[in-house]
Structures are given as C-alpha cells and as structure tokens.
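Shown next, in structure tokens, is the structure this report addresses.
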Amino acid sequence: MASTVGIPIICNAAVSWEAGKPLVIEKVEVAPPKAMEVRVKIKYTSLCHTDLYFWEAKDQTPLFPRIFGHEAAGIVESVGEGVTELKEGDHVLPVFTGECKECVHCKSEESNMCDLLRINTDRGVMLSDGRSRFTAKGIPINHFLGTSTFSEYTVVHVGSLAKLDPSAPLDKVCILSCGISTGLGATLNVAKPKKGSTVAIFGLGAVGLGAAEGARIAGASRIIGVDFNPNRFEGARKFGINEFLNPKDYDKPIQEVIAEKTNGGVDRSVECTGNVDAMISAFECVHDGWGVAVLVGVPSKDAKFITKPINLLNERTLKGTFFGNYKPRSDLPSVVDMYMRKELELEKFITHRVTFSEINKAFDLMVKGEGLRCIISMDD
C-alpha cells in the first residue's frame, strides 16, 4: 500500500446515481486523506436497512450521486496529518457515528452522542473542508454517513474508526459497525437484565435479534419475541428466544397479553421496530416496581408517544438509546473481543454472501425481506 500514500487512488465503487435505481460499478478517484482523516481499503461490507432507506429516498430530500455503505471492515492504507492512533496496516471498523474524545459527550461516561461526529444523514462531504473525497466521471460523489463503504477505498474521519484485534476475521466482525451492536448494546448496556430475568423483544429483524443475543448472553431465562411476521419465529430460536407472540393473534393489546403471561409484566423489554404503537406496548408490558423498557427503533418525526403518567409513577422506567450506548473507538474493540471469546455468536446473523459485482443482489434480498445480513466481499 505504501506506493499509494499521498496520491489519489483509482478503484471500483458502487455508485448510486438515482434513487431506487440499481447501483453501478464505476471507476472512482479517491483523494488522499487530509488532516484527521484515514484512507481505508475496505475488505468486507454488508447491507443495512439504513442504506436501503436512503437509497429509496422516500419521504426525504434526495442526495445523489452517492456511495452508500456503513457496515464494513477494512485495513488502513494511509493516514492524514494529526492521526496518531492508527497507522498503515491496522484493521478497523468504520462507524456511522464517532468519538472525537474532546466534546462533553465523549468525556461523559454516560453518553456516546459525540458533538462533532454524531450521525448526519444529510451531509455528503468531509468535515474538514466541506468537500468530497470521491470523483467519478469528473463529478464529485457524495459520501454517506461519513463512511461510504461500497467502495474499494474510502476516506473516514479518524474518530469514526474502531481499531481491531488483527486476528479477528473481517468477514464476520464487519457486521458490528451498526445494527447488531445497536441491539446488543441496547440490552447489555441500557436494559441490563439480570441473570434469570424475563425479556421481551419487539421486532425480530437484525437489530431485534442483536437485542435477543444480548439477553441470551446476560443469562435471561425467558426471552419473548414479538413480531407480526410468523416466518421469523423459527429462525429466532437460535438467538435464545423461546416464546413468540404475534399481536394479530389476540383481540387485546399485546402488552396485556404479556402481562398476563408473566405474572404482571416482564423485567425488561427492548423495542426495535420504530413503530410508536410497539413502543407504547414495550413500555406498558414491563413490570411495575422495577421494569425497564428501552426504545431502539426510530419512529417518524411526527409520531407521538402516549401513555398514562401512572405507568411511570408506578416505577416503570423508559429509556432510549443510540447505537446501544457504545462509544465507537473505546467500546467496539471489546465487542469484537466478546466474539473472539465465543460469547457473542456472529455467524448466525450472516445469511448470504455475494461478490462486490453482485451488490445489487444484496439490495434485492433486503427488499424482499430475505435473510439478516448479506456479506459483500470487495475482492471479487
């Protein structure tokens, strides 16, 4: 890699030229990193629903052309001025949020919402100079979430890169950059179920199953999965879920059903759908006196959460979380270590694999709702 330091790199990238249209593999020029930036050779990336949402560009301001992708793992090719924590050859996870280590949030033990590098879906340029590091056909190409991992090389702010144990398999740990860690951390870091507790998980997609995996690791004795899609139930068993409820099967609110089945309510619940009715159910199904509900899913901006104040006064706790309360640089290496110690099982989240040239197949699978995570190998 040393021969490319300081000069532009020409490589392949999957460019989204228009909303909802198939990505096109193009030759792009990737500029060298500037101050506090790192250029990374992406080895493996995966598709997250957030990529799909902004690719479809429904109910939002479109920003195209763009290079999507934010769940990935790669190797540092070169670093810009001021970067001291990383060097050429280091293995890293690019992350859609960041940790500058200087703002009040980064200095707080309780927050991971970095002022400088907090998620920004509308920004298509780098922070340092307001310009893109990608060019294709003479046109600047917008970045996505500061990561843009659907490119063989990308440029990322150093604060959005987590350094990895070099022995960790990149084709597995790449999925820890977003959804799986979000669900896992929501349970382990925020809900914090005790061994032997009862936990309800609302929504059994990848994030919800990450939350279930957290409950399994914590030693929950009873994990209840709630979802409208019964086809998800059988596959969810391998994540520790041992009971399943479909709200459509009952003529009463699902929170009442859960309370009846658990002698007053579950100890913890984690909501992973973004549906406000599911959020309310997740809160109202926890036991009074000690129950904790954690909201993970992102609702529509106009949604309103309505519940009776007595539910709070009776000592139920409602919490929200962002990226499972993980600080990317400080905490993600320990999540990778959990996998290396065989406490966290990542293989069961990976249901499909495709080559980079087949990236549109990954989008097709997600549109059809098939599988959990599709790994895209950048080395065709």
Side-chain angles (χ1 to χ4, degrees), residues 40 42-46 48 70-76 85-86 89-97 99 109 112 160-197 199 201 204-223 225 235-242 267-268 270 272 294 296 321-351 353 372-375 377:
V40 178
I42 300 298
K43 299 294 290 181
Y44 298 94
T45 186
S46 62
C48 170
H70 65 285
E71 282 192 352
I75 301 173
V76 172
E85 293 187 16
L86 295 172
D90 283 344
H91 290 199
V92 291
L93 291 182
V95 186
F96 67 94
T97 183
E99 181 185 356
E109 294 182 357
N112 66 341
S160 293
L161 290 168
K163 185 177 178 179
L164 302 180
D165 174 349
S167 66
L170 298 182
D171 67 324
K172 308 290 198 314
V173 299
C174 62
I175 64 173
L176 291 173
S177 288
C178 184
I180 309 308
S181 294
T182 295
L184 181 76
T187 302
L188 293 178
N189 299 335
V190 187
K192 299 179 180 179
K194 297 177 181 178
K195 187 174 182 179
S197 60
V199 180
I201 308 293
L204 301 181
V207 177
L209 294 176
E213 180 75 353
R216 182 193 68 79
I217 292 170
S221 62
R222 192 174 178 188
I223 307 174
R237 293 186 187 279
K238 66 181 72 171
F239 298 88
I241 296 177
N242 43 35
D267 301 309
R268 301 289 188 267
V270 185
C272 302
V294 178
V296 180
T321 183
F322 171 71
F323 193 45
N325 201 228
Y326 286 122
K327 293 178 184 284
R329 298 162 83 182
S330 299
D331 297 334
L332 280 189
S334 66
V335 181
V336 172
D337 289 344
M338 286 176 61
Y339 167 71
M340 298 298 284
R341 294 194 303 268
K342 303 186 183 303
E343 296 172 19
L344 169 62
E345 300 170 1
L346 292 181
E347 286 82 359
K348 58 194 178 186
F349 289 96
I350 300 169
T351 53
R353 291 180 178 272
L372 294 173
R373 280 295 182 267
C374 178
I375 303 299
S377 173

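The first residue in the sequence is number 1, and the count goes up from there.
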Check: Thr187 and Arg268 side chains under 4.5 Å, non-hydrogen atoms: no
Test item: Asn189 side-chain N/O and Gly324 main-chain N/O as donor-acceptor pair under 3.5 Å: yes
Contact summary for Met340 and Ser167, nearest pair of heavy atoms: CE-OG, 3.4 Å
Test item: Phe96 and Ser177 side chains (from C-beta on) under 4.5 Å apart, heavy atoms: no
Where Leu164 and Leu93 come nearest, the two heavy atoms and their spacing: CD2-CG, 3.6 Å
4.5 Å side-chain heavy-atom contact, Ser221 and Lys194: no
From CG (Asp267) to CZ (Arg222), nearest 0.5 Å: 10.5 Å
Non-hydrogen atoms of Pro328 and Pro333 that approach each other most closely: O-CD, 3.8 Å
Trace of the side-chain contact (heavy atoms from CB on, under 4.5 Å) decision for Val336 with His91: CA-CA 12 Å; Val336 172; His91 290 199; over 6 Å; no
Distance-only side-chain donor-acceptor flag, Tyr326 / Glu99, under 3.5 Å: no
Interatomic spacing from NZ in Lys327 to CG in Leu332 - rounded to 0.5 Å: 12.0 Å
Check: Ser160 side chain, Thr97 main-chain N or O, donor-acceptor pair, under 3.5 Å: yes
CZ on Arg329 to CG on Leu161, rounded to 0.5 Å: 8.5 Å
Check: Phe323 and Val95 side chains under 4.5 Å, non-hydrogen atoms: yes
Nearest heavy-atom neighbours spanning Ala236 and Leu204: CB-CD1, 4.2 Å
Closest approach of Val335 to Ser181 (non-hydrogen atoms, all atoms of both residues): CG1-OG, 4.4 Å
Atom pair OG (Ser46) and NZ (Lys172), whose distance is rounded to the nearest 0.5 Å: 13.0 Å
Side-chain touch Asn325/Asp331, heavy atoms, less than 4.5 angstrom: no
Beyond-backbone contact of Leu209 with Ile241, side-chain heavy atoms, under 4.5 angstrom: yes
Lys/Arg-Asp/Glu bridge criterion (N-O < 4.0 Å) met for Lys238, Glu345: no
Polar side-chain atom of Glu343 near backbone of Ile217 as donor-acceptor pair, under 3.5 Å: no
Closest non-hydrogen atom pair between Ile201 and Ala212, with its separation: CD1-N, 4.0 Å
Atom pair CD1/OH of Ile175 and Tyr339 - distance to nearest 0.5 Å: 9.0 Å
Lys192 atom NZ, neighbour heavy-atom count above 12 within 6.0 Å: no
Check: Asn112 side chain, Phe322 main-chain N or O, donor-acceptor pair, under 3.5 Å: yes
Minimum side-chain heavy-atom gap Asp171-Ile350 below 4.5 Å: no
Side-chain heavy atoms of Cys48 within contact of His70, under 4.5 Å: yes
Nearest-0.5 Å distance that lies between atom CE in Met338 and atom CG in Leu176: 9.5 Å
Under 3.5 Å: donor-acceptor pair, side chain of Asn242, backbone of Ile223: yes
Intermediate values then yes/no, side-chain contact (heavy atoms from CB on, under 4.5 Å), Leu372 and Phe239: CA-CA 12 Å; Leu372 294 173; Phe239 298 88; 3.9 Å; yes
